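In this chain, numbering begins with 1 at the start of the sequence shown. Hydrogens, waters and symmetry mates are skipped; everything else that's a heavy atom, side chains included, is used. Remember, predicted model here, so these are calculated numbers, not experimental data.
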Amino acid sequence: MEYEALYRMGVSKLQYAGIEEASLDARLLLEEVCGTDRNALLVHGDMEVTEEQRQRYVNYLDQRSSHVPLQHILGCQEFMGLRFKVSPAVLIPRQDTETLVEEAMRFLHDGMHILDMCTGSGCILLSLLNYSNDCVGIGCDLSADALKIAAENAAMLGIEADFVESDLFEEISGKFEMIVSNPPYIKRGVIPELMEEVRDHDPMMALDGGEDGLFFYRRIVAEAGRYLYPGGMLFLEIGYDQADEVSGLMQEAGYKDITVCKDLAGLDRVIYGRAA
């Protein structure tokens with residue numbers, strides 16, 4: 001079967017299954033199977049695909065048609081220009097979260113001590129360490145399976161970082177110039193309404209923020225000050241409608257210079273403040 005014909009078949013199958021980005025996903029899966037890049041479709045559309053490659057592609061299409069996330073099929077996701085291994089044990093890194101990293105980088109100096117709370121795949125911490133010099137980083141998470149993925153990503157990227165299994169600050173000691181976190185913040189009652197790819201395939205413990213979505217913000221904001229040097233900074237990813245509530249929590253805890261930042265879609269995405 002020819003390359004382009006197989007691709008067209010893939011697009012049709014994914015469209016029928018209601019996959020939003022059917023054309024893109026069909027192309028990326030075919031490139032993964034054939035070891036090609038996007039130019040192959042333009043220049044080598046008449047290339048013959050082996051039967052083994054065709055069968056593997058059909059298998060991938062079946063998975064994606066069942067709304068298995070593309071990243072779980074490929075086993076990776078790009079974030080901040082780096083490639084991270086992902087699995088059902090970790091939240092898939094999303095472009096929205098790059099806003100958190102970019103804002104933190106504005107205040108990041110060489111040699112800082114960084115704590116990444118609810119680290120998951122490690123993408124936030126490892127991105128910060130990758131784009132700085134001589135910083136020391138710890139990522140903590142309650143999930144041992146997530147920490148294994150984070151450690152594998154650190155090794156794959158050649159970045160030194162420590163990962164600690166901890167219920168938030170329970171196993172953390174020392175002080176930091178910067179604490180970053182993308183905690184679970186979805187309201188429990190909203191989870192059944194999420195996209196199937198998220199609801200059924202992202203780890204529930206990375207989504208569920210309690211009845212009002214603020215459970216982890218309350219704990220992190222209340223406790224983080226004990227682990228920050230004076231003037232140290234706390235950076236949090238937030239839901240689009242949580243800025244006022246999280247800002248109030250930070251004000252009550254004594255944080256200064258509290259700032260809310262928007263993502264590329266113009267939605268509130270990050271809040272940060274400076275410890276007294």
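The backbone N or O of Ile191 lies less than 3.5 Å from no partner atom in the side chain of Arg199, so there is not a single donor-acceptor pair. Distance alone, capped at 3.5 Å, places no donor-acceptor pair between the Ser87 side chain and the Lys85 backbone. Side chain of Glu2 to backbone of Glu48: no donor-acceptor contact under 3.5 angstrom is found. In terms of modelled atom types and a separation under 3.5 Å, the side chain of Asp257 and the main chain of Arg274 share no donor-acceptor contact. Under a 3.5 Å cut-off, the side chain of Arg219 and the backbone N or O of Tyr217 do not form any donor-acceptor pair.
The side-chain heavy atoms of Phe79 and Val101, taken from C-beta on, include a pair separated by under 4.5 Å. The shortest side-chain heavy-atom distance between Cys34 and Val49 falls under the 4.5 Å cut-off. Two residues are said to be in side-chain contact when any heavy atoms from C-beta on lie closer than 4.5 Å; Glu211 and Lys187 fail this criterion. In this structure, Asp62 and Lys13 have side chains that are in contact, with non-hydrogen atoms separated by less than 4.5 Å. Looking at Ile220 and Leu168, their side chains come closer than 4.5 Å, going by heavy atoms from C-beta outward.
Each of Pro93, Ser127, Cys123 was scored for a side chain to side chain contact (heavy atoms under 4.5 Å, CB included) with Met80, with one residue passing: Ser127.
Of all heavy-atom pairs spanning Glu171 and Val164, the tightest one is CB-CG1, 3.9 Å. Ser181 approaches Leu100 most closely through the heavy-atom pair O-CD2, 3.8 Å. The minimum heavy-atom distance between Ile138 and Leu125, with the atom names listed, is C-CD2, 3.6 Å. Residue Asp263 comes nearest to Ala265 through the heavy atom pair OD1-N, 2.9 Å, listed as atom of the first residue, atom of the second, then distance. Nearest approach of Cys76 to Val86, heavy atoms of both residues: N-CG2, 3.7 Å. The minimum heavy-atom distance between Ala89 and Ser143, with the atom names listed, is O-OG, 4.4 Å.
Rounding to the nearest 0.5 angstrom, the gap separating the CD atom in Gln71 from the CG atom in Asp202 is 9.0 Å. With rounding to the nearest 0.5 Å, the separation of CG in Leu41 from CE in Met47 is 9.5 Å. Taken to the nearest 0.5 Å, the CG atom of Leu82 stands 9.5 Å off from the CG atom of Asn153. Interatomic distance, CG of Leu142 versus CG of Asp145, reported as 11.0 Å (0.5 Å rounding). Atoms CD1 and OG, from Ile114 and Ser132 in turn, are 5.5 Å apart once rounded to the nearest 0.5 Å. To the nearest 0.5 Å, atoms NZ (Lys175) and CG (Leu115) are separated by 12.5 Å.
In the hydrophobic cluster analysis, where Ile, Leu, Val, Met, Phe, Trp and Tyr join through side-chain heavy atoms closer than 4.5 angstrom, Phe163 is grouped together with Leu157. Cluster membership for Tyr60 and Val58, using ILVMFWY side-chain heavy atoms within less than 4.5 angstrom, is shared. In this structure, Val43 is not a member of the same hydrophobic cluster as Tyr3, with clusters built from ILVMFWY side-chain heavy atoms closer than 4.5 Å. Under a hydrophobic clustering in which Ile, Leu, Val, Met, Phe, Trp and Tyr are joined whenever their side-chain heavy atoms come within less than 4.5 Å, directly or via other members, Ile258 and Leu267 fall into different clusters. Taken together through direct or relayed side-chain contacts under 4.5 Å among Ile, Leu, Val, Met, Phe, Trp and Tyr, Phe176 and Ile124 form parts of separate hydrophobic clusters.
Legend: residues meeting side-chain hydrogen bond (donor to acceptor under 3.5 Å, both in side chains) with Glu51, ordered by chain and number and at least two apart, are Arg54, Gln55.
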- request: Carefully, step by step, assess Thr99 and Glu102 under the rule side chain to side chain donor-acceptor pair (under 3.5 Å).
  value: CA-CA 5 Å; Thr99 304; Glu102 289 163 354; 4.7 Å; no

message: Let's go through Tyr272 and Tyr255 carefully: what are the C-alpha distance in whole Å and the side-chain angles of both, what is the deciding distance for ring pair (Phe, Tyr, Trp, His ring centres under 6.0 Å) to 0.1 Å, and is it a yes or a no?
response: CA-CA 9 Å; Tyr272 63 84; Tyr255 284 86; over 10 Å; no

field: Ile271/Ser247 under side-chain contact (heavy atoms from CB on, under 4.5 Å): CA gap, chis, key distance, verdict
entry: CA-CA 7 Å; Ile271 188 167; Ser247 177; 3.7 Å; yes

task: Could you check Asp200 against His67 for side-chain contact (heavy atoms from CB on, under 4.5 Å), going step by step and ending with a plain yes or no?
output: CA-CA 9 Å; Asp200 295 342; His67 292 267; over 6 Å; no

- request: Give the C-alpha distance, both sets of side-chain angles, the deciding distance and a yes or no for salt bridge (charged side-chain N to carboxylate O under 4.0 Å, His left out) between Asp212 and Arg188.
  value: CA-CA 7 Å; Asp212 63 358; Arg188 188 167 296 155; over 6 Å; no

Stepwise side-chain contact (heavy atoms from CB on, under 4.5 Å) check, Asn182 with Asp116: CA-CA 8 Å; Asn182 177 19; Asp116 179 16; over 6 Å; no

From CA spacing to verdict: salt bridge (charged side-chain N to carboxylate O under 4.0 Å, His left out), Arg56, Glu52: CA-CA 6 Å; Arg56 186 178 169 205; Glu52 181 182 355; over 6 Å; no

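Checking Thr50 against Gln53 by side-chain atom types alone, a donor-acceptor pair falls below 3.5 Å.
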Name the atoms and distances for all side-chain donor-acceptor pairs under 3.5 Å in residues 21-31, with sequence neighbours left out.
unit_1: Asp25; atom_1: OD2; unit_2: Arg64; atom_2: NE; d: 2.9
unit_1: Asp25; atom_1: OD2; unit_2: Arg64; atom_2: NH2; d: 3.2
unit_1: Arg27; atom_1: NH1; unit_2: Glu31; atom_2: OE1; d: 3.4
unit_1: Arg27; atom_1: NH1; unit_2: Glu31; atom_2: OE2; d: 2.8
unit_1: Glu31; atom_1: OE2; unit_2: Arg38; atom_2: N; d: 3.1

Table please: side-chain donor-acceptor pairs of residues 224-238 below 3.5 Å, with sequence neighbours left out.
unit_1: Glu237; atom_1: OE1; unit_2: Thr97; atom_2: OG1; d: 2.7
unit_1: Glu237; atom_1: OE2; unit_2: Tyr185; atom_2: OH; d: 3.0

